[in-house]
Amino acid sequence: MTGIDDQIARTRAARLARQRTGFLINIGTIVVVLALLQLLPDKSPLIGVAVLGLAASNAVMRLFVEGRDDWQWHRAVIAFALGSAAGLASLLIDAATIELLDSEPNSPGFALSITAAGWLIADLILRIRTAVPSDEDVTA
Amino acid sequence: MTAEEQIARARATRARRDKYWTLADIPLLVAYCITVGMSLRSDEDNPLFGLVTLSYAIFTALRPLIVDGRDDRQLLRALRAFSIAGAVTLLYLVVDVIRHSTDDGYDPEPGTALWLFSVIWLLVNVAMQWGRVWRRQENAGT
């Protein structure tokens, strides 16, 4: 194996290891969110803040684990925009049901929870979709 | 077709799109100004205000994508504008939730977050649009 091949293999291995760490962090984040949802009282508005804090820490962690090149920044922006779109949709549905069906507004923090959950899920999906294939996958 | 002809045709297409979009922009801007005026004059909240603002924000976000093209840079710019509005709204929602938890007398207005999102998105889109026009003029000058 030449020096360049060795370097490429080492870089790929390091990236794969970082991605595995990121995936474990994602799983851990989801477990913490589920635990928090159990601990906090029903419909507590602070649930949204907790989920948002976890989504933000997940996004920051991702940039540290997988590097801060242009593509990673773009992916972070795309994940956040998708989360914001989910929050906006929840706000729109809330406003429409209040106006049209004369229903009660959603509990405070609901839109926040939807945005944060959307952000987390979008980040996870983008991470899985853009994962770099391992050497075994490439040779197969 | 030579490269010059291709460039000239692309420029003409862009100018035509820009003209049609501006023509569509005028009635929407008038409708928006009327709704803002109605909202300011009325004591009660006008539910149309948020909806028209959101429509206008979507319209201004679509403009560069349709007029200038939908390449990666334009899409990313559009996403960035949307994310800025999302970030400001998130901040408002966090403050809203904390105030709701700590202040018993706090009674938030439903729809404020939607209105805030739409206004910020619209402002960022307009600012980006003017920034592009300004940069284009600067480049043409040099």
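Lettering of chains follows the sequences in order, A, B, ..., and the numbering in each one begins at 1.
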Are there over 12 heavy-atom neighbours, none belonging to B/R9, within less than 6.0 Å of that residue's CZ? no

Residues of residues 80-96 of chain A under 4.5 Å from chain B (heavy atom pairs)? A/F80, A/A81, A/S84, A/A85, A/L88, A/L91, A/L92, A/A95

When the 4.5 angstrom heavy-atom criterion is applied to A/L52 and chain B, the contacting part is side chain

Under a 4.5 Å heavy-atom cut-off, does chain A meet the side chain of B/L54, its backbone, both or neither? side chain

Output yes when A/R75 and A/D123 qualify as a salt bridge under the 4.0 Å nitrogen-oxygen rule, no when they do not. no

If you look only at pairs with a residue in residues 72-96 of chain B, which of them pass as a ring-ring contact (aromatic ring centres under 6.0 Å, His included), with sequence neighbours excluded? B/F82-B/F117, B/F82-B/W121

Is B/A85 in contact with chain A via its backbone, its side chain, both, or neither, using a 4.5 Å heavy-atom distance? neither

Any donor-acceptor pair under 3.5 Å from B/N125 side chain to B/A57 backbone: yes

Which word best sums up how the rings of A/W71 and A/H74 line up, parallel for under 30°, tilted for 30 to 60°, or perpendicular for over 60°? perpendicular

Pairs flagged by side-chain hydrogen bond (donor to acceptor under 3.5 Å, both in side chains) wherever residues 73-91 of chain B is involved - sequence neighbours left out: none

Measure distances from A/V49 to the heavy atoms of chain B and classify the residue's part below 4.5 Å as side chain, backbone, both or neither. side chain

Partner chain A: residue of B/V94, B/D72, B/L90, B/D96 with the largest heavy-atom pair count (under 4.5 Å): B/L90

If the condition is salt bridge (charged side-chain N to carboxylate O under 4.0 Å, His left out), which residues does B/R11 pass it with, not counting sequence neighbours? none

Between B/E5 (side chain only) and B/T2 (backbone N and O only), is there a donor and an acceptor less than 3.5 Å apart? yes

